[in-house]
There are 2 protein chains.
Amino acid sequence: MSFDEVVRLGQQRGFFFKTAESYPNTPAGFLDYGPLGVGMKNRLVELWRRVVVKRDGMLEIDGSQILPKAVFEASGHLAGFTDPFVKCATCGSVFRPDKLIEEKTGKQVPEKLGDADYDRLMAEAGVKCLKCGSRLAGTTRFNMMFRVGIGPGQEEAYLRPETCQSIFVDFPLLFKTQRVKLPIGIAQVGRSFRNEIAPRQALIRLRELNQAEVEVFFNPKKADDARFDSDLARVLAFRLPDGADVKLSVGEAIQKGVVPNKLSGHLLALVTDFYEAAGIIPENIRLRVLSDEDRAFYSRAAFDLEIKLSWGWVELVACNYRGDYDLGGHARVSGSNFTVDEEGEKVLPHVFELSLGIDRSIFAIIESSMKGEGERRVMGLRPYLSPTQVCVFPLVNKDGLQEKAREIHARLRESFEAFYDESGAIGRRYARADESGVPACVTVDYDTLKDGTVTLRDRDTREQSRVSVEDLSARLASITKFPAISKAVPAG
Amino acid sequence: MSFDEVVRLGQQRGFFFKTAESYPNTPAGFLDYGPLGVGMKNRLVELWRRVVVKRDGMLEIDGSQILPKAVFEASGHLAGFTDPFVKCATCGSVFRPDKLIEEKTGKQVPEKLGDADYDRLMAEAGVKCLKCGSRLAGTTRFNMMFRVGIGPGQEEAYLRPETCQSIFVDFPLLFKTQRVKLPIGIAQVGRSFRNEIAPRQALIRLRELNQAEVEVFFNPKKADDARFDSDLARVLAFRLPDGADVKLSVGEAIQKGVVPNKLSGHLLALVTDFYEAAGIIPENIRLRVLSDEDRAFYSRAAFDLEIKLSWGWVELVACNYRGDYDLGGHARVSGSNFTVDEEGEKVLPHVFELSLGIDRSIFAIIESSMKGEGERRVMGLRPYLSPTQVCVFPLVNKDGLQEKAREIHARLRESFEAFYDESGAIGRRYARADESGVPACVTVDYDTLKDGTVTLRDRDTREQSRVSVEDLSARLASITKFPAISKAVPAG
């Protein structure tokens, strides 16, 4: 499916759509989830909790989105979280210089150039305003945080550009009250805000986005502990900074210096497990190793987990070895103590993070799961990710079949996400269910009234079997069951 | 428990704490949830989904928190969502005039007075600056929305002050794509933002808050449909605007004009059911009927659901009959069509809303559930609201009991929120579990190794029974089961 087709399907079926669509000229980069989108998001978060958070016994928090200015002085975002932009001297349109150069030359521009470099490349390429063709002013910087003023005094504060800052500033209190030891992961699901200069693709580059992040705090002397040995033989696909694609076991990747330590290797394996459990085939998952120039300002080693979609590779997770950058910064600016005691030694923990984009992941999983044969489009979601788990249909709307079907629906919805549908031909109802990823459909017919059995239809094979109403719940439970948590790393 | 004791317990056990606590002088009105708070919030939302959303077949969406300016022109918030404030001419401190007058006179000031009324009352009471004792300037107005600027052009937008605006602006698209009929409820859980002038009590008056809202759209000619008859005999407690407390059945309340129609009565019963299911005893729940002066600017009839806590009655849910105020406003400003076709007639639906404060509800449920006998404090949460459902303890840390207990914990966590704890005396571990609301504790002892049974201890009765490890999951499932959805109103 093309990008536009996924967006269209998302809107038609109520997965997601542009915010305030009923208003003209609304700003880009904002998105609302409809009923199926809410359901799929909740189930994807639950899968993440099982595969990433609970498997390793991490803690989960939910912090405020507005944070005081001092937090972002410490994090470096006030100074460093900027994007370059150029303004048309005539019509006032704004653009990102790298995008203008790439569109004109067809060549990729390296990330994180200086303003003078952009100006030079724009001059060489002869870039003009895309809207009116006039001359553009020189490159300047725009801080991508949204500023808010608190109270009548408009005290300076910001919407967080990444959820993890709450995790860092809460670390001392959590470490103390939760009676934990290093290494300890702290996780969070929530909104972040990035005031992008000119966002285009819905769900890929949002100004208000949903993230699922984990920050694992560890003693840097113990990053190669035997507790992380379990994944050493796990093979992962890496794209190296020189463009080479290699498959390496975690152990080999550490030996070659691609991965900094066993703990990082374990977490890269964990997040890869998550996408495999979400239904992405291993061939379409890779870890792009970022070069020194491409890494964020806080990062010592960085990997982008990318998924191959029909229009190319898309980054879904930023995996960063942040060292003691964050806790060190917050300790300095706040004046509080961010070290922990470990066997009599004061340790300022290091951090490895997995920063996962939920919106992009939903988009990628939907695109990857679509299968079409002629008119028939099927969203082949893993059943535990399907927002609707079972549809209940009366074959016809008479002779008590509706009442029976409603009764079965009422019973099933106690334990499952169940949808009742009596409108249109039965084939049309199956087609709608297939397109929305419903793994199982139950049809009530005249035999149901006689012998208490229904037709259970499988989305993927289209096979139909007769099942007694008593056995339905057990069958559906086995169809929609989450994968086991298992494979735990021993707690700290 | 006093207000301060609840706050202290919340922090000690990791339910919630002040945002950025590690920083000095952080602004008031912001809060982070710790691991137990996240768990309890998720379970409370799940209970709300079952009792309020799914029971009536409502849809759930999840919209953007930043919305364009035009949305709040239409909603009336740009003009009307203001609080009065006064500033000290000398030291610059800001106060709410009503709070100053109430503190000085000890008498309650009516809501929604004009600026001149506040100035007169302040003069009469001889109010001065609480900080430096100087003269205060006259009352002015402060808009409580947080403004943000989008993109380099800083296009005017706002953080939503209530989640429901997303529901209203998305209504036409949802009605069309979701193939529904009136009446239809649309629900949403999410953050809202209110730039309070001087918030004091954590969790009661937040600047960034969590809401669970439902907006029920209906044909005003059909607000007394027979489909809403099921609750007519349900008795609810009302506090009338004249201060009288009365118990009325929904049917009587409609007859007396206290409740405007059957649909409203049904929704008031539904939200009362929710708090009873959350463990609040009926005697501590009342619906305060708001007078014409006390209602919000968009409201035709309004009820505050209040819960009695140790320090008085606290509002948890605003129940408003909003009429066609919202859809009418958005139709006018957006130029889009917000009417729906019903049997050939064009209908601009009316709206009744239940706007529930999640943070306050968590606070109220924790306070209401605390029981103390001497040193022993027990959080008697309904087991389906407990963030930790089961604790697993080895009796002693030797002879293979830890390994066995870890094995049982690993099995239980596949289906339950399970916590493993081996530190401290067993009595101390039980006490910690009681204080965190854990309904069941499993202790592994020497008999476990011999006969495969464990001790299952009940939080409330403190009774201990021997249960075989094979039966544990079934026992815990029955202890922690949510109440049935049932009692559905037929769909539209």
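Side chains are part of it too, since the values below use all heavy atoms of this structure and drop only hydrogens, waters and symmetry mates. In what follows, chains carry the letters A, B, and so on, assigned in the order in which the sequence lines appear, proteins first and then strands, with residues in each chain numbered from 1. Every value quoted in this text rests on a predicted model; they were computed, and no experiment measured them.
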Q: Could you report the tightest heavy-atom contact between A:D32 and B:S166, atom names first, then the distance?
A: OD2-CB, 4.3 Å
Q: Check whether any side-chain N or O of B:R207 sits under 3.5 Å from a backbone N or O of A:I150 as a donor-acceptor pair, and report yes or no.
A: no
Q: Side chain, backbone, both or neither: which part of A:E417 has a heavy atom under 4.5 Å from chain B?
A: side chain
Q: Counting distance only, does the side-chain N/O of B:S336 pair as donor-acceptor with the main-chain N or O of A:S22 below 3.5 Å?
A: yes
Q: Side chains of residues 170-178 of chain A: which donor-acceptor pairs under 3.5 Å do they make with residues two or more places apart or in other chains?
A:
{"residue": "A:T177", "atom": "OG1", "partner": "A:L173", "partner atom": "O", "Å": "3.0"}

Q: Below 4.5 Å from any heavy atom of chain B, which atoms of A:R194 appear? Answer side chain, backbone, both or neither.
A: neither
Q: For each of B:N42, B:N143, B:T140, B:D83, tally heavy-atom pairs with chain A at distances under 4.5 Å, and name the one with the top tally.
A: B:N42
Q: So, for B:E208 and A:G63, which heavy atoms are closest and what is the spacing to 0.1 Å?
A: OE2-O, 4.5 Å
Q: What pair of heavy atoms forms the shortest contact from B:V148 to A:V148, and how long is it?
A: CG1-CG1, 3.6 Å
Q: I'd like to know whether B:R179 forms a side chain to side chain contact (heavy atoms under 4.5 Å, CB included) with A:D421, so could you lay out the CA-CA distance, the side-chain angles of the two residues, the decisive distance to 0.1 Å, and finally the verdict.
A: CA-CA 10 Å; B:R179 303 183 301 124; A:D421 191 358; 3.2 Å; yes
Q: If every non-hydrogen atom of A:P24 is compared with every non-hydrogen atom of B:S334, which pair is closest and at what distance?
A: CD-O, 3.6 Å
Q: Do you know which of A:R50, A:K54, A:K481 makes side chain to side chain donor-acceptor pair (under 3.5 Å) with B:E414?
A: A:R50
Q: Using a cut-off of under 4.5 Å for heavy-atom pairs, which of B:R13, B:E196, B:Q11 has the most such pairs with chain A?
A: B:Q11
Q: Chain A heavy atoms under 4.5 Å from B:L159: which part of the residue, side chain, backbone, both or neither?
A: side chain
Q: Enter the distance from B:N195:CG to A:Q154:CD here, rounded to the nearest 0.5 Å.
A: 6.5 Å
Q: Tell me, side chain or backbone of B:V333 under 4.5 Å from chain A's heavy atoms, or both, or neither?
A: both
Q: Find the one option among B:K69, B:Q65, B:R147, B:E155 whose heavy-atom pairs under 4.5 Å with chain A are most numerous.
A: B:Q65
Q: Which residue out of B:L59, B:V169, B:I66, B:T19 racks up the most heavy-atom pairs below 4.5 Å with chain A?
A: B:I66
Q: I need the residue from A:F85, A:F168, A:Y420, A:F419 with the largest number of non-hydrogen atom pairs under 4.5 Å to chain B.
A: A:F85
Q: Taking only residues two or more places apart in sequence or in another chain, which ones pass ring pair (Phe, Tyr, Trp, His ring centres under 6.0 Å) with B:Y23?
A: A:H330
Q: Among B:Q12, B:E21, B:R191, which residue forms the greatest number of heavy-atom pairs with chain A at distances under 4.5 Å?
A: B:R191
